[in-house]
Protein chains: 2
Amino acid sequence: MAQTPDISNDLATDIWVRLSRAHMKVQASIEAALKAAGLPSLAWYDALRELERFGPEGGRAFEVQARLLLPQYGLSRLLGKLEKAGYLVRKNCAEDGRGKRLVITDQGKRVRRKMWRVYRAALKRAVGDKLPENDGPLLLALLERLK
Amino acid sequence: MAQTPDISNDLATDIWVRLSRAHMKVQASIEAALKAAGLPSLAWYDALRELERFGPEGGRAFEVQARLLLPQYGLSRLLGKLEKAGYLVRKNCAEDGRGKRLVITDQGKRVRRKMWRVYRAALKRAVGDKLPENDGPLLLALLERLK
DNA sequence: TGCATGTCAATGCATTTGCATCTATAACGG
DNA sequence: CCGTTATAGATGCAAATGCATTGACATGCA
């Protein structure tokens with residue numbers, strides 16, 4: 001009488017499903033917290049963080065892209081918005097006429113800091129508080145394997 | 001000399017970052033495998049699976065929605081596409097004049113089965129093969145805590 | 001019954017995304 | 001030096017998505 005003939009649920013599938021749910025859940029919490037605080041989205045945070053790493057000389061878009069996992073056009077447009085918001089300036093690049101040098105503004109730094117407080121608190125609620133004791137490092141190690 | 005004053009990396013953040021990366025990685029593998037096989041996306045699979053669960057009498061959209069984590073309008077449009085593709089029929093609902101009864105077609109069942117083979121193989125590569133021994137249940141349990 | 005309120009599902013409209021392509025410049029090979 | 005190919009980044013257009021609202025019906029309550 002056919003015991004779930006084709007929709008079989010093996011372990012890998014279960015892990016994938018829970019991984020998805022966990023990811024969605026955490027992401028939703030963070031985004032909701034940011035929105036509730038009237039702050040920009042996670043994507044903006046990530047970009048600002050990378051920009052801030054560059055320091056005052058700034059850096060190039062393709063460097064950010066490598067660390068951010070966004071498609072090239074996605075980053076290009078995100079940078080456009082950040083610039084329009086006044087969080088970033090794109091100056092022509094001296095050593096490479098094709099590229100721009102990306103420099104975060106003071107305003108950009110300020111908003112990133114604000115976001116970090118909210119972000120961190122949300123993360124604590126959605127992750128830290130849910131993992132008792134020393135299960136954190138264990139989960140970290142296991143996730144690392146899926147890399 | 002300020003040791004990473006504000007971009008502090010606590011454990012929760014590390015877990016979140018790796019969770020994101022793992023999720024993206026697995027998702028990308030599955031989607032790529034489906035696309036390479038000329039099959040529809042994961043979202044279609046999930047919907048078809050839920051529809052198939054209903055059996056021949058079909059079921060309602062809101063029931064699917066609860067299990068699928070899609071917004072209402074997203075599901076509505078996805079169902080529209082599935083119907084246009086011939087994988088589903090929406091018949092007027094006898095017991096509730098507002099709703100439709102969703103019934104998967106034979107063609108829908110066939111394509112779901114095809115997808116499952118590809119999906120499952122991709123999942124094995126992206127998850128099963130990466131987790132040695134009995135770490136699977138452990139990871140499963142830890143992810144469950146983030147629910 | 002009759003009206004207010006709630007629910008199911010679809011859709012118009014603005015925004016965002018993905019894909020392909022484009023422009024501009026650099027790097028290379030002869 | 002020139003022509004070819006590669007790389008940085010932007011953008012036009014079509015498709016997808018989010019949000020708000022609608023239309024149709026159900027439900028609850030006086």
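Atoms considered below: every heavy atom in the structure, side chains included; atoms not considered: hydrogens, waters and symmetry mates. Within every chain, numbering begins at 1; the chains are lettered A, B, ... in the order of the sequence lines, protein sequences first and strands thereafter.
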Nonpolar side-chain network containing B:V89, other nodes, edges under 4.5 Å:
B:V103
Integer-rounded Å distance: C:dC19 P and A:L75 CG
16 Å
Expressed as a whole number of angstroms, how long is the span from A:L70:CG to D:dG9:P?
14 Å
Whole Å only: how far is the CG atom of A:L78 from the P atom of C:dG18?
12 Å
Taking the side chain as C-beta and beyond, is there a heavy-atom pair between B:R120 and A:T13 under 4.5 Å?
no
With B:D129, which residues qualify under side chain to side chain donor-acceptor pair (under 3.5 Å), at least two apart?
B:K124
Which residue pairs satisfy the side chain to side chain donor-acceptor pair (under 3.5 Å) criterion with at least one member in residues 26-36 of chain B, sequence neighbours excluded?
none
Between the protein and nucleotides 18-21 of chain D, which nitrogen or oxygen pairs come in under 3.5 angstrom?
from: D:dG18; atom 1: O5'; to: B:Y73; atom 2: OH; distance (Å): 3.4
from: D:dG18; atom 1: N7; to: B:R77; atom 2: NH2; distance (Å): 3.0
from: D:dG18; atom 1: O6; to: B:R77; atom 2: NH1; distance (Å): 3.4
from: D:dG18; atom 1: O6; to: B:R77; atom 2: NH2; distance (Å): 2.8

A:K130: side chain to side chain donor-acceptor pair (under 3.5 Å) partners, not counting sequence neighbours:
none
At under 4.0 Å, does any side-chain N or O of B:R90 touch on OP1 or OP2 of C:dA10?
yes
Identify every side-chain donor-acceptor pair in residues 60-82 of chain B under 3.5 Å, counting partners at least two apart or on other chains, and give the distances.
from: B:R60; atom 1: NE; to: B:K100; atom 2: O; distance (Å): 3.3
from: B:E63; atom 1: OE2; to: B:R60; atom 2: N; distance (Å): 2.7
from: B:R67; atom 1: NE; to: B:E50; atom 2: OE1; distance (Å): 2.6

Whole-Å distance, B:R98 CZ to C:dA10 P, equals 13 Å
Closest nucleotide of DNA chain C for A:A94 versus for A:K81: which of these residues is on the 5' side?
A:K81
Are any protein N/O atoms closer than 3.5 Å to N/O atoms in nucleotides 1-4 of chain C? If there are, list each pair with its distance.
none

Report the distance from atom CZ of B:R101 to atom C1' of D:dC25, rounded to the nearest whole Å.
16 Å
Atom CG of B:N92 and atom C1' of D:dA24: how far apart are they, to the nearest Å?
11 Å
Can you check the B:L68 CG to C:dA9 C1' distance for me, whole Å?
16 Å
Contacts of type side chain to side chain donor-acceptor pair (under 3.5 Å), residue B:R98, not counting sequence neighbours:
B:D96
Under a 4.0 Å threshold between the charged nitrogen and the carboxylate oxygen, would A:E144 count as salt-bridged to B:R18?
yes
Measure the distance from NZ on B:K100 to C1' on C:dA9 and round it to the nearest whole Å.
8 Å
Does C:dA9 have OP1 or OP2 under 4.0 Å away from a side-chain N or O of B:S76?
no
Qualifying residues under side chain to side chain donor-acceptor pair (under 3.5 Å), relative to B:R21, sequence neighbours excluded:
none
